[in-house]
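Reading through the structure tokens given below for one structure.
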Amino acid sequence: MEIKLISGDITTLKVDAIVNAANSSLMGGGGVDGAIHRKGGSEILEACIKIRNKQGGCDTGQAVITTAGLLPAQYVIHTVGPVWQDGNHQEAKLLRSCYLESLRLAEAHSLKTVAFPNISTGVYRFPKPKAAEIAIQAVQEYARMYQTKIEEVTFVCFDQENFDLYNHLI
Ligand code: APR
């Protein structure tokens, strides 16, 4: 599994799945969630509503998969990151779970290329240095633990601070 780092807008990527930093309602929001729903169109929200009707929303640390609608990607994997409180509320464990569960879902759908935003580092205020470490470690751990068929994982940084942090760590 190759790990790549780019800066830019995740909604423009032609990969099998882009990961969305969603909220537990799955009803869209701001940040990358807003961009994905805005550019992906109503098909994504309709698919989210179906999941919500079936299983309620999506718990923190878990992930669900939908069509990517009008986006160049095929699928959107919606995962819900933890809101940063003080570091004593399982935030690190839950953020790690977002990456592992998203990869597990991609694997289950035989996807080869997956792109992640910097989950929880915007509205959810997770400290970027720690979040970057957790994200990279989780993806490397997944590649070590499983005979994965996922060929490429791309970290997409929208802001320079995250890019510099990931660049230093990778
Ligand atoms: N492409 C890639 N990354 C993006 C994009 C984009 N188009 N837009 C924003 N980002 C980056 C932000 O710069 C940040 O580094 O995504 C990262 C995550 O920030 P948020 O989108 O605010 O997500 P998060 O911190 O996980 O908060 C989730 O915000 O938008 C709401 O509905 C969402 O309630 C949920 C919460």
Side-chain angles (χ1 to χ4, degrees), residues 3-42 44-49 51-52 56-66 68-87 89-103 105 113-136 138-139 152-170:
I3 295 179
K4 291 170 70 177
L5 172 66
I6 62 169
S7 62
D9 176 347
I10 201 167
T11 61
T12 65
L13 294 192
K14 190 170 174 23
V15 288
D16 291 344
I18 59 171
V19 178
N20 179 25
N23 61 59
S24 53
S25 77
L26 294 175
M27 291 296 104
V32 67
D33 197 8
I36 287 172
H37 280 280
R38 194 169 50 251
K39 296 186 180 175
S42 60
I44 300 178
L45 186 60
E46 282 152 24
C48 287
I49 290 169
I51 293 170
R52 190 180 151 83
C58 180
D59 290 339
T60 301
Q62 296 303 307
V64 297
I65 189 166
T66 68
L70 303 171
L71 296 175
Q74 267 190 62
Y75 295 96
V76 177
I77 292 174
H78 307 262
T79 191
V80 180
V83 176
W84 179 260
Q85 299 182 61
D86 54 12
H89 292 74
Q90 311 279 336
E91 292 101 325
K93 182 164 166 278
L94 287 165
L95 185 59
R96 175 174 165 275
S97 172
C98 285
Y99 288 91
L100 294 178
E101 290 305 312
S102 298
L103 290 172
L105 209 44
T113 55
V114 182
F116 284 98
N118 313 129
I119 299 165
S120 280
T121 66
V123 169
Y124 283 1
R125 298 186 339 287
F126 204 112
K128 293 182 179 179
K130 186 103 188 83
E133 222 176 279
I134 291 167
I136 295 167
V139 170
E152 182 190 278
V153 170
T154 303
F155 288 110
V156 185
C157 297
F158 199 61
D159 59 85
Q160 192 61 44
E161 186 188 355
N162 264 314
F163 184 82
D164 294 343
L165 284 165
Y166 275 75
N167 206 19
H168 180 69
L169 287 169
I170 290 182

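Throughout, residue positions are numbered sequentially from 1 according to the sequence presented. In each ligand, atom 1 is the first atom listed, and ligand 1 is the first ligand listed. Predicted model, so just to flag it, every value in this text is computed and none were measured.
Between atom SG of residue Cys48 and atom NE2 of residue His37 there is a gap of 4.5 Å, rounded to the nearest 0.5 Å.
Counting all heavy atoms, side chain and backbone alike, Cys58 lies closest to Val64 at SG-CG1, 4.2 Å.
Listed by first and then second residue, the salt bridge (Lys or Arg N to Asp or Glu O under 4.0 Å) pairs involving residues 158-170 are Lys128-Asp159, Lys128-Glu161 (not counting sequence neighbours).
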Distances only, to 0.1 Å: what are the N or O pairs between ligand 1 and the protein that fall under 3.5 Å?
from     : atom 1 : to     : atom 2 : distance (Å)
ligand 1 : 1 (N)  : Ile10  : N      : 3.0
ligand 1 : 7 (N)  : Asp9   : OD1    : 3.0
ligand 1 : 13 (O) : Asp159 : OD2    : 3.4
ligand 1 : 15 (O) : Thr121 : OG1    : 3.0
ligand 1 : 15 (O) : Asp159 : OD2    : 3.3
ligand 1 : 15 (O) : Asn162 : ND2    : 3.4
ligand 1 : 19 (O) : Gly122 : N      : 3.4
ligand 1 : 21 (O) : Val32  : N      : 2.8
ligand 1 : 22 (O) : Val123 : N      : 2.9
ligand 1 : 25 (O) : Gly122 : N      : 2.8
ligand 1 : 25 (O) : Val123 : N      : 3.1
ligand 1 : 25 (O) : Tyr124 : N      : 3.0
ligand 1 : 26 (O) : Ser120 : N      : 2.9
ligand 1 : 30 (O) : Gly30  : N      : 2.9
ligand 1 : 30 (O) : Gly30  : O      : 2.8
ligand 1 : 32 (O) : Asn23  : ND2    : 2.8
ligand 1 : 32 (O) : Asp33  : OD2    : 2.7
ligand 1 : 34 (O) : Asn23  : ND2    : 3.4
ligand 1 : 34 (O) : Tyr124 : OH     : 3.1

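Partners of Thr11 by side-chain contact (heavy atoms from CB on, under 4.5 Å), not counting sequence neighbours, listed by chain and number: Asp9, Ala35, Ile36, Lys39, Leu71.
In this structure a side-chain-to-backbone donor-acceptor pair under 3.5 Å is missing from Ser97 to Lys93.
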With a cut-off of 3.5 Å and sequence neighbours excluded, list every side-chain donor-acceptor pair involving residues 73-84.
from  : atom 1 : to    : atom 2 : distance (Å)
His78 : ND1    : Asn20 : ND2    : 3.2
His78 : NE2    : Thr66 : OG1    : 2.9
Thr79 : OG1    : Gln62 : O      : 2.8

